[in-house]
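Here's the structure we're looking at; comments come further down.
FYI, side chains are in, hydrogens and waters are out, and symmetry mates aren't considered; it's all heavy atoms of this structure. Note that ligands are numbered from 1 as they come in the structure, with each ligand's atoms numbered from 1 the same way.
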Amino acid sequence: MPAGASLTNPPSPRPQRLFFALWPDKEAARALHHAGRELQAACGGRLTRLATVHLTLVFLGEVAPEKIPRLERAAASVREEAFSINFNRYGWWKHNRIVWAMPEETPPPLRRLVQGLETALEQAGISCDKRPYVPHVTLLRKAERRPQGEGLPGAAWAAREFVLVRSVLDREGAAYEVIGRWSLREEAESQSASS
Ligand code: ATP
Ligand code: MG
C-alpha cells in the first residue's frame, strides 16, 4: 500500500469527463462524415471519425464517479419529444479552427431538451457548461482555411434518444464511450401524455 493510503479511507476513483449528446443514426453519420470529407479538400484539418460524429447537448466536464447515479436520475426526469434536425449550414470558427455543420433553425424540442437537462442538473447540484447553447457537429479540427461556398447537401437526422458519454482524451484525440441512454417520446406517446 502506498504511504499515506489507508484501508478505511480508500482513494476516491478518478473524475470522469462526461457530456450529454445526440448520436446520429448510420445514414446521418455517413452524410455528415461525407460533408466533412468534401470540406477537408478545401480547408485541410483533421476529419472527425465516422464513429465519433455527434451533437453535444450539455458538457459536464470532470465529474466524480459517485455523482453518476444522481446524474442518471436527473437525465431520466427529462421527458422531451423526438424530433428531427437538418444540418444544412456549414461554417467555421476562426478562434478554434473548427469546421462545423449546424441546423439553419434550432428545433424547439432540441432547445427544450437542453434546457430541461440543464435545469435537472442544477436541481441535482451538478454543474455544467453555462455558455449559450449553439448546436453544432464538429466535422474538422485544426482547419487551415475557411470553407468556401455553401454547396453541400443537408444531412437530416431523426433524434429518438439522448446519451451520456464518457470522453477519454489521449494523444490521438478523444475516445468516447456511451454509458447511458434515454428515449425521447414518440409522437403518439407525446399526444397521450399531453391529453
Ligand atoms: P478533442 O478535445 O480531442 O478535440 P473533443 O473536443 O471531441 O476532442 P472533449 O473535449 O472530451 O472531446 O469534448 C466532448 C464534447 O463536448 C465535444 O463535442 C466538445 O465539442 C464538447 N465540449 C468540450 N468542452 C466543452 C465546453 N467547455 N463547453 C461545451 N462543450 C464542450
Ligand atoms: Mg475538446
Paired with Leu55, the side-chain contact (heavy atoms from CB on, under 4.5 Å) test is passed by just one of Phe20, Trp23, Phe87, Phe162, namely Phe87
Listed once per pair and sorted, the ring pair (Phe, Tyr, Trp, His ring centres under 6.0 Å) pairs that draw on residues 118-142, sequence neighbours left out: Trp93-His136
Heavy-atom contacts under 4.0 Å to ligand 1, chain-then-number order, include exactly Arg17, Phe19, His54, Thr56, Phe59, Asp129, Arg131, Arg141, Ser167, Leu169, Gly173, Ala174, Tyr176
Is it the case that atom CZ in Arg70 sees more than 12 heavy atoms from other parts of the structure closer than 6.0 Å? yes
Could Arg160 and Glu186 be called an ion pair, given the rule that one side-chain N must be under 4.0 Å from one carboxylate O? yes
Any pair with a residue in residues 28-44 that passes salt bridge (Lys or Arg N to Asp or Glu O under 4.0 Å), sequence neighbours left out, goes on the list, sorted by first then second residue, please. none
Residues pairing under salt bridge (Lys or Arg N to Asp or Glu O under 4.0 Å) where one sits in residues 121-144, two or more places apart or in two chains, turn out to be Asp129-Arg131
